[in-house]
Amino acid sequence: MERPRHQGMAKNTCMRWRLPLVCLLWEVAMIVLFGVFVRFNPESDAHWEEEKQKMNLTSDIENDFYFRYPSFQDVHVMIFVGFGFLMVFLKRYGFGAVGFNFLLAAFGIQWALLMQGWFHSFEKGKILIGIENLINADFCVGSVCIAFGAILGKTSPIQLLVLTLFQVTLFAVNEYILLNLLHVKDAGGSMTIHTFGAYFGLMVTRILYRPNLEQSKDKQGSVYHSDLFAMIGTLYLWMYWPSFNSAISEHGDAQHRAAINTYCSLAACVLTTVAFSSMLQKKGKLDMVHIQNATLAGGVAVGTSAEMMLTPYGSLIVGFICGIVSTVGYVYLTPFLESRLHIQDTCGIHNLHAMPGLIGGIVGAITAAAATEDVYGTEGLIKAFDFTGQYATRTPSVQGGFQAAGIFVSLLMALAGGALVGAILKLPIWGDPADENCFEDDVYWEVPEDEESDVYRMHDPAKPASP
Amino acid sequence: MERPRHQGMAKNTCMRWRLPLVCLLWEVAMIVLFGVFVRFNPESDAHWEEEKQKMNLTSDIENDFYFRYPSFQDVHVMIFVGFGFLMVFLKRYGFGAVGFNFLLAAFGIQWALLMQGWFHSFEKGKILIGIENLINADFCVGSVCIAFGAILGKTSPIQLLVLTLFQVTLFAVNEYILLNLLHVKDAGGSMTIHTFGAYFGLMVTRILYRPNLEQSKDKQGSVYHSDLFAMIGTLYLWMYWPSFNSAISEHGDAQHRAAINTYCSLAACVLTTVAFSSMLQKKGKLDMVHIQNATLAGGVAVGTSAEMMLTPYGSLIVGFICGIVSTVGYVYLTPFLESRLHIQDTCGIHNLHAMPGLIGGIVGAITAAAATEDVYGTEGLIKAFDFTGQYATRTPSVQGGFQAAGIFVSLLMALAGGALVGAILKLPIWGDPADENCFEDDVYWEVPEDEESDVYRMHDPAKPASP
Amino acid sequence: MERPRHQGMAKNTCMRWRLPLVCLLWEVAMIVLFGVFVRFNPESDAHWEEEKQKMNLTSDIENDFYFRYPSFQDVHVMIFVGFGFLMVFLKRYGFGAVGFNFLLAAFGIQWALLMQGWFHSFEKGKILIGIENLINADFCVGSVCIAFGAILGKTSPIQLLVLTLFQVTLFAVNEYILLNLLHVKDAGGSMTIHTFGAYFGLMVTRILYRPNLEQSKDKQGSVYHSDLFAMIGTLYLWMYWPSFNSAISEHGDAQHRAAINTYCSLAACVLTTVAFSSMLQKKGKLDMVHIQNATLAGGVAVGTSAEMMLTPYGSLIVGFICGIVSTVGYVYLTPFLESRLHIQDTCGIHNLHAMPGLIGGIVGAITAAAATEDVYGTEGLIKAFDFTGQYATRTPSVQGGFQAAGIFVSLLMALAGGALVGAILKLPIWGDPADENCFEDDVYWEVPEDEESDVYRMHDPAKPASP
């Protein structure tokens, strides 16, 4: 193991002035921009009483808040507890996983409110926000959490904030192209969130390739309890995914249907994940990595189509396939990507988000192309794909073509954007950890003392007594 | 401890081909059956716009989705995080507890959608599903999670899948007899879920009696952190139980009332659990087993009556009693059941589900029998007990009689079904663990290596051996 | 360290008869009082069908249950999991933190239903309860959980029950003065919950000052995993705070707006907390104590104003400031309070609840005073501040004055009440722990045996080194 270290121990990882500066300046920028641009929309503004009369609504229950708030809270839990704890599986990086996820998401949702607001909720010089904007901001940040999974343990908090700034920006652009220019449906974000987030993250980690990462190999595993913590993340993602895929669908049947389809797909996915986890291991034992991750692939893969008439058995088929693809990916593809393509993917987002995201885009394109008036009803078809205004003459098969185009656009944006941002993050000014300190909380966190001395001592017995 | 081992170390617990085969074949069967039978119901189908006009609804908010989805998500959390983590208390069986619970529930909800669908949502050859079906599927699986508690740590994942297949089937039959033939009310499932699930599980564990289980006695306890994980399960069950008992009640006052009654019962239950936990221990110290389990008995015991006019103080009384019964059960009854009746009940489901379930059935019968037009209003009484159609002439006291009959039917179905399924699970082909490997994740799971050696040894090395 | 111990080892901490007696007697009292006073309100009573006609409602969805139940469940999670797990950070007091919080909250909500009911829902000799009462009871108990944070680890469960009894009583009185006599708005409870709860708790801990507490100093810290458990509490509080601040706001825009403002404030708060946590530490490392606590200050500080037209950027500013104030408080103020003022504040509630609560009261007063018809609309202004009936002529600036008065009333009530209750708790009959046994579960809980010696070493000593 005596390759020359291209990164010395002397690496300056001290965050004392850099991190506070970035946090404070950016937050001040947020305040200024919010002050200039962000206002309440008619449903959250105190003029609502007048608005109700204008819209001829008889009850406060018609406020969008009551259609979407429960789903919003579920999505919120997925972003902060779901993603945060899913990444706690590393034995020595629990604070970083849940803490940095917290930090980047808290910044990201503010910036996303602005970016998405300019594209989608801009009226008379103001961004008017309501509950749907909060959900969309959480969604946007979800794609950053996904990318974070690829570089988990190998970056400084400043790098993560820089990543968030750029990725949210590009996410909003990509989303605008898909939803507004291509008029694509993607309520659960198979393309905009998962495909985009995952390939973006994979490209970033490719650029940040660390040839000597085996120096911290011993810290890349889990311990018994960290695996249980991670299951909290897994289960909340799994349970609330029906809310994720239905949160911004049309009121009524679309939200209802999206939840059912997602529920079915996820259930099937668990069975095939377990089957292949056992089958691909010599002794037939189950691997926690698969249970924690591949069981979720079914939710990713119906992200585009869940609100369509995918049907429950269609959902089962998608879940069935994705559990297999994802588990096989963990066993065979992740090692291949690392050794051959130099893609070091800490959480295996390629298996959980990238491939299922692509499948999700394809399933969405096929489901859209296959739509008929018979299945949807005349009104239903128009409502489901918003075939109104300039799109009134679009047919399902044309819609399918645009859906497919959306996959490619997302992929291209992700790879180009990831390359750009990876290059920026490679600058030697962000305080990233040395190879031997990766996957180690001690670099950026005060770790409880008795923990330092001996709790975990044997995790890495070779490690010299640290400062 | 030198009794002859009737089970050798050589037991074949390898799951490599058996488990994948079962998972894949059964999932394919689900897909085929869903393909033939399952479709969206009018509220989740794309024809909803037309349906709305037919039903004369003016707003999408009238879609059942908005009445029940928040409760559904709470129930979902109870099944997967609640039951899953409640059982993580065992020091070496956390993966199995939360992971197998995940597996069996994911399969069970699919099979339950079919079984319950054939009985309750079958129209013109199709099962039409909506949000209420998802809740009912979760409920059905809840009874399997309960039974799992009795045999926790002593079975292979294949056995659990076989158990799920049969128990869901019998659950649906029993539920049909109660709800449709006897016209019994049981919205929170004191009888159909708890009584049935618990006695089913107790009978199964009786049949699977392991006389030499003391060989793994050292693993049957908890450690400090596993007890904290278990409290996550406890609290989510406790907090969301009002949603559980109200999830499928009639819209309006019934859902509202069911939540309030359950809230009250659970609150009282905590106080008496603490009282008796302290009282029954020589030094007056509290026992985590009681706090984790007996505090929930109050939710079980108002399962039938919560939607009725039980009243808040009636709920307090039920909770008061059940906290006592359940705690006393843990202290005196569980050891008795094991030593005398050879019922090895890992989680003590007899105390948490069986006895409180019976009490719940009785309370329900009494509350129904005591119903008057004065208390419910004329319309209210008819609505509360659905005294319409062929039941238009049924009186509250007759209803009380049928409720009581429902208890006995559930009990009989559970004992007979449990005996049958126990016998099937006893076949030596399912790969169950040897006595000395019970309560041990290592048999069916890849366990992180360094855990094996000494991870936690030293939390506070300086601390003198405390009293 | 040889100061004379004023508390001997011989302290009688046995709870065997005292705790059961208190629990059982008080619960019986609850049952009697509920039996005499508590009934369902029209929306949860079986006469609802008639009520609907009277109120001219066309749909069950108009039942308050559907406006508030999702928020109620979120608040419920905050009280039991949020506060419970936030306090699990202590290395040896996890059972006490989550278990005693469970106990006191379960008792407190019953007593709060009565106390608040007498003041606010009393009609014709009966307290009529519905979902809003449950939320308010949870809120009231929240203030007790806050006070518990100050004395965490230093009291017996009986003391906590006594504290709850008195604090809930005084809370209800203070709330009545503010909401009914001063006609103050405080939907998220910056004054009634946080300011009151925190100063109450600080006064109690001041009275209970333990000069020799350094004897248990070694147990006052965290370990790695206990910090991760605490993050579960933090995140649930953080994520669900928008529900907390909007749960009892007026239907429609007010609930909607309160959620948005809180979301914004909390997001900003995370950034400044991270900035100052890093800045105030020599090596620039982040401190888990700050991340766990100060990130929440933004939610506290918009408790009064969230439902007003605070605007998103106003919320960001409040969150920005509070993250700083709270973090600085942890670093400089907590040690000062302990050494100079003899206020031993285990969880630092002064930084998380007291100061942000005061700020919240002030922000509320200013926001109210600054309200104009232009911003709120004519109807909106009346609705927002309930300028009806005897308050029809109150102007925003007068309202601002009353809001400010509310802060002082809360503060006075808290300090006076805390002094009184502290004195009661000082009586030597409650079985509080000796100084050297503080922050130690072993005093009141059965702790798993192997934990005592050396936690995990022996999971299965017999087991041969596995592959």
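All values below come from the heavy atoms of this structure, side chains included, with hydrogens, waters and symmetry mates left out. We name chains A, B, ... by the order of the sequence lines, and we start the count at 1 in each one.
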Side chain from CB out, backbone as N, CA, C, O: work out which of these in C264(B) comes under 4.5 Å of a heavy atom of chain C, or both, or neither. side chain

Can you find a heavy atom in the side chain of E379(B) that is under 4.5 Å from one in the side chain of Q53(C)? yes

Closest heavy-atom contact between V77(C) and M239(B)? CA-SD, 3.4 Å

Partner chain B: residue of M30(C), R18(C), E49(C), K52(C) with the largest heavy-atom pair count (under 4.5 Å): E49(C)

Please classify the contact between F67(B) and chain C as side chain, backbone, both or neither, with a heavy-atom cut-off of under 4.5 Å. both

Please identify, among S44(C), C23(C), P42(C), the residue contributing the most non-hydrogen atom pairs under 4.5 Å to chain B. S44(C)

Does Y66(C) reach the side chain of H251(B), with side-chain heavy atoms less than 4.5 Å apart? yes

S278(B), G380(B), S315(B), G377(B): which one forms the most heavy-atom pairs within less than 4.5 Å of chain C? S278(B)

Mind running side chain to side chain contact (heavy atoms under 4.5 Å, CB included) on T58(C) and T58(B) for me, showing each step along the way? CA-CA 10 Å; T58(C) 54; T58(B) 55; over 6 Å; no

Tell me, for K383(B) versus chain C, whether the close heavy atoms (under 4.5 Å) come from the side chain, the backbone, both or neither. side chain

What heavy-atom pair brings F65(C) and S246(B) nearest, and what distance separates the two atoms? CZ-OG, 4.4 Å

Which bit of I232(C) comes within less than 4.5 Å of chain B, counting heavy atoms only: side chain, backbone, both or neither? side chain

In this structure, CG of L228(B) is separated from CG of L228(C) (nearest 0.5 Å) by 12.0 Å

With a 4.5 Å heavy-atom cut-off, do F85(C) and M231(B) have their side chains touching? yes

I need the residue from F320(B), Y263(B), Y313(B), Y240(B) with the largest number of non-hydrogen atom pairs under 4.5 Å to chain C. Y263(B)

Can you say whether Q110(C) sits under 4.5 Å from chain B via the side chain, the backbone, both, or neither, judging by heavy atoms? side chain

Greatest number of non-hydrogen atom pairs under 4.5 angstrom with chain B, of N41(C), V32(C), D441(C), D64(C), falls to D441(C)

With respect to chain B, which residue among V36(C), D45(C), V88(C) yields the maximal number of heavy-atom pairs within a distance under 4.5 Å? D45(C)

Between K285(B) and V443(C), is any pair of side-chain heavy atoms under 4.5 Å apart? no

Do Q73(C) and P242(B) have side-chain heavy atoms sitting under 4.5 Å apart? yes

Heavy atoms only: give me the nearest D253(B)-N63(C) pair and the separation to one decimal. N-ND2, 3.7 Å

Is any side-chain heavy atom of Y376(B) closer than 4.5 Å to one of H47(C)? no

Closest contact, heavy atoms only, A275(B) versus P20(C): O-CG, 3.3 Å

Is Q292(B) in contact with chain C via its backbone, its side chain, both, or neither, using a 4.5 Å heavy-atom distance? neither

Centroid separation F229(C) to H225(B) less than 6.0 Å: yes

Select one option (side chain, backbone, both, neither) describing which atoms of N133(C) are under 4.5 Å from chain B's heavy atoms. neither

Which answer fits W17(C), side chain, backbone, both or neither, if we ask what part of it has an atom under 4.5 Å from a heavy atom of chain B? side chain

Part of D138(C) lying under 4.5 Å from any heavy atom of chain B: both

Can you tell me which of A259(B), P70(B), G314(B), A268(B) forms the most heavy-atom pairs within a distance under 4.5 Å of chain C? A268(B)

If you measure from CZ on F40(C) to CG on N261(B), what distance do you get to the nearest 0.5 Å? 4.0 Å

Part of E62(B) within contact of chain C (heavy atom distance under 4.5 Å): side chain

Is the distance between the ring centroids of F95(C) and Y224(B) under 6.0 Å? yes

Hey, what do you get for OG1 (T311(B)) to CZ (F34(C)), rounding to the nearest 0.5 Å? 10.5 Å

Would you check if L286(B) and L19(C) make a side-chain contact, meaning some heavy-atom pair closer than 4.5 Å? yes

Which atoms form the tightest heavy-atom contact between I129(C) and P312(B), and what is the distance? CD1-CG, 3.9 Å

Heavy atoms, side chains only, cut-off 4.5 Å: are L24(C) and F276(B) in contact? yes

Taking every heavy-atom pair that is under 4.5 Å apart, which of L57(B), L280(B), I317(B), D287(B) has the most such pairs with chain C? I317(B)

Using non-hydrogen atoms only, which part of T378(B) is less than 4.5 Å away from chain C: side chain, backbone, both, or neither? backbone

Interface moiety of L33(C) toward chain B, non-hydrogen atoms closer than 4.5 Å: neither

Looking only at atom types and distance, does a side-chain atom of R16(C) sit under 3.5 Å from a main-chain N or O of Q281(B), one as donor and one as acceptor? yes

Could you check which of V22(C), V38(C), D60(C) has the highest count of heavy-atom pairs closer than 4.5 Å to chain B? D60(C)

Ring centroid separation W238(B) to H76(C) under 6.0 Å: yes

Nearest heavy-atom contact between I260(B) and I131(C) is CD1-N, 4.5 Å

Pair Y69(C), S71(B): side-chain N/O donor-acceptor within cut-off below 3.5 Å: no

Chain C contact via V289(B) - which portion, at a heavy-atom distance below 4.5 Å: neither

Return the CE to OG distance between M15(C) and S277(B), rounded to the nearest 0.5 Å. 13.0 Å

